[in-house]
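Atoms considered below: every heavy atom in the structure, side chains included; atoms not considered: hydrogens, waters and symmetry mates. Proteins get letters first, then strands, A, B, ... in listed order; numbering begins at 1 in each.
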There are 2 protein chains.
Amino acid sequence: MDSIGEARVGGKSGVGVLDKAVGILSFLAEGGPATLAGVVRGTGLARPTAYRLLSALEAHGLVAREEGRYYLGLRLLSWGGRAVGSALVGAAMPVLEALRDRTGESTQLYVKEGDRRVCVASVERTGGGLRDAVPVGAVLPLGHGSGGRVLLAWSEGAEAPDLAETRALGWAESVAEREAGVASVSAPVLGPDGGLRAAVCASGPVSRLGEHPGERLAGLVVEAAREIQEAGVR
Amino acid sequence: MDSIGEARVGGKSGVGVLDKAVGILSFLAEGGPATLAGVVRGTGLARPTAYRLLSALEAHGLVAREEGRYYLGLRLLSWGGRAVGSALVGAAMPVLEALRDRTGESTQLYVKEGDRRVCVASVERTGGGLRDAVPVGAVLPLGHGSGGRVLLAWSEGAEAPDLAETRALGWAESVAEREAGVASVSAPVLGPDGGLRAAVCASGPVSRLGEHPGERLAGLVVEAAREIQEAGVR
DNA sequence: TGTTTTGTTTCAACATGTGAGACACAATGT
DNA sequence: ACATTGTGTCTCACATGTTGAAACAAAACA
């Protein structure tokens, strides 16, 4: 299925200082709390640069320093709670976790952003074996994968015949479409007005899901989409 | 009680680009979604500067643009969920809301950060009349106000006689100590190891709380602290 | 004890960020 | 319908802010 092969977040924005600061925050988010030396090693920044940016981020409450280690700061929590779609993500998390438990696979929630899709929530399969890892924030194309197809099919103005078929079916599946060895099943999360809000997706290796993952997973994924709809708000 | 008279977050960090970017994010967080023109007016930045920084923030997922308006982006939610103390804040919110309902006043949660305290959660009194508004992220001194006193009294190494008295009492109150007309009552939130985690505080106008706010509020605030302790994690 | 690592600071070099100005387009007013 | 105002996007000369080599003190390690 889909993967982060084309993840764009974290690249070059055109403002170098921001790229560096985001690199630091991203490193702390993914790797957990770190010392200055850890941040230097993990980001590749020169030590004085990392020190200066961390000090600035700390002054703004975006990182906190305790016992020599830097942590993400609580201002991010405050801002995050006001982010667009945060209520939807909050409502979706328990459903994604339940879907993960029912399917035994990793689950994600995608929203359409321009001509791409963004992973806004992600729950990874627990236990052993292969798992599809899509980090929150990953930006993926719409053209490949079941999540992208769902977002296209339920978008206003979607008129291609295959998208109409997908809509009639109510869900979409994909096998080794975007990345070799990965399969997925997705269904749309609609708002009270019937408009597309997001796509909920379960994904894992073809070796486990087979050539027709929808046979086993479609009902569960569609059901999860319905649960998010009913629990969702914005 | 305490107010944001000395709020420091959002000032000069020593890295100008970061100050400007934080200014933008802060504006969106406080004022809600805005057009480019709105951000220009709200931040005072030159239009091309605001446009460039917004574009960079958007590329990093920190803001999103929909129908000409900029919103805080979901990456902030992702990072915020990994911020230090986010679990404690999450656990505390319903308790703060309940305390607000029981007392009829505004409630906050403070943590000690260096020689200051930071408001990490805030619930404002509903309904009419005066209310004490402390925004999340506000940085206040420890020396004044019941919240500061509690953080000092339960810190390791606290030995002053008045702090020992506060500890024996189990809570602290303040009246027009930090800001004229504001009174408050605070109690400590301790961790499983008995170490100080935060201070929970109820605050409002002296005209309503009187010269001895502890008489009415201490029991409720201490109870709220206990609830947060039991619900808390980190 | 000696060496290495870590955190913090300085400052000359230079890379990057800035915003006045321009332009196209949209919205508003006459 | 035309004129004016407002908005979003882009360019580029240049001023300023960012950078990191070097230095140093302290902590950690061998």
Side-chain angles (χ1 to χ4, degrees), chain A residues 8-28 31-73 84 113-116, chain B residues 8-28 31-73 84 113-116 156-157:
Chain A
R8 192 192 70 207
V9 172
K12 302 288 178 63
S13 68
V15 181
V17 176
L18 278 189
D19 295 344
K20 294 189 176 83
V22 166
I24 290 175
L25 293 169
S26 192
F27 171 74
L28 292 176
T35 59
L36 172 66
V39 171
V40 166
R41 278 192 297 270
T43 60
L45 294 172
R47 194 189 346 254
T49 301
Y51 180 73
R52 182 175 53 251
L53 292 177
L54 281 164
S55 298
L57 290 168
E58 187 179 0
H60 284 302
L62 302 191
V63 304
R65 183 169 165 181
E66 289 177 19
E67 297 171 4
R69 303 184 81 86
Y70 290 99
Y71 299 72
L72 290 182
V84 62
E113 206 171 276
D115 62 344
R116 321 285 283 199
Chain B
R8 190 192 72 210
V9 172
K12 303 289 178 61
S13 68
V15 181
V17 176
L18 277 189
D19 296 343
K20 293 190 176 85
V22 166
I24 289 175
L25 293 169
S26 191
F27 172 74
L28 292 177
T35 58
L36 171 66
V39 171
V40 168
R41 277 191 300 268
T43 60
L45 294 172
R47 192 186 356 249
T49 301
Y51 179 75
R52 182 176 55 252
L53 292 177
L54 281 165
S55 298
L57 290 168
E58 187 179 2
H60 284 303
L62 301 190
V63 304
R65 183 168 162 181
E66 289 175 20
E67 296 171 4
R69 303 184 81 87
Y70 289 99
Y71 298 72
L72 291 182
V84 63
E113 206 170 278
D115 62 344
R116 321 285 281 194
E156 296 196 355

Quick one, I24(B) and V39(B) - any side-chain contact, counting heavy atoms below 4.5 Å?
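They are in side-chain contact.
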Close side-chain approach of L28(B) and Y71(B), heavy atoms under 4.5 Å:
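Contact flag for L28(B)/Y71(B) side chains = no.
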Looking at [X], does any N or O in its side chain come under 4.0 Å of the phosphate oxygens OP1/OP2 on [N]?
X	N	answer
K20(A)	dT18(D)	no
Y51(A)	dG7(C)	no
R65(A)	dT8(C)	yes
R52(B)	dT18(C)	yes

Please check this pair: side chain of S55(B) against backbone of Y51(B), looking for a donor-acceptor N/O pair closer than 3.5 Å.
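A pair under 3.5 Å: yes.
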Does the D19(B) side chain pair with the main chain of K12(B), one donor and one acceptor, at a distance under 3.5 Å?
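Looks like no, no N/O pair under 3.5 Å.
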Rounded to the nearest Å, what distance is computed from the [atom1] atom of residue [X] to the [atom2] atom of nucleotide [N]?
X	N	atom1	atom2	value
L36(B)	dC25(C)	CG	P	18 Å
L45(A)	dA15(C)	CG	P	18 Å
L54(B)	dG8(D)	CG	P	10 Å
L53(A)	dT8(C)	CG	C1'	15 Å
D19(B)	dG17(C)	CG	C1'	14 Å
E67(B)	dT7(D)	CD	C1'	17 Å
L18(B)	dG17(D)	CG	P	14 Å

Of A37(A) and T49(B), whose nearest nucleotide on DNA chain C comes first from the 5' end?
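Going by which nucleotide is closer to the 5' end, it is A37(A).
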When the nearest nucleotide of DNA chain C is assigned to R41(A) and to G16(B) on a heavy-atom basis, which residue is associated with the more 5' position?
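Here R41(A) is the residue nearer the 5' end.
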NA contact type, [X], heavy-atom cut-off 4.0 Å: base, sugar-phosphate, or nothing?
X	answer
V40(B)	nothing
G14(B)	sugar-phosphate
T35(A)	sugar-phosphate

Could you pull out the closest heavy-atom pair between G42(A) and F27(A), with the gap in Å?
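Shortest heavy-atom separation between G42(A) and F27(A) comes out as CA-CE1, 3.5 Å.
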DNA chain D: 5'-proximal contact among P48(A) and V17(A) (nearest heavy atom)
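With P48(A) and V17(A) compared, the 5'-side residue is V17(A).
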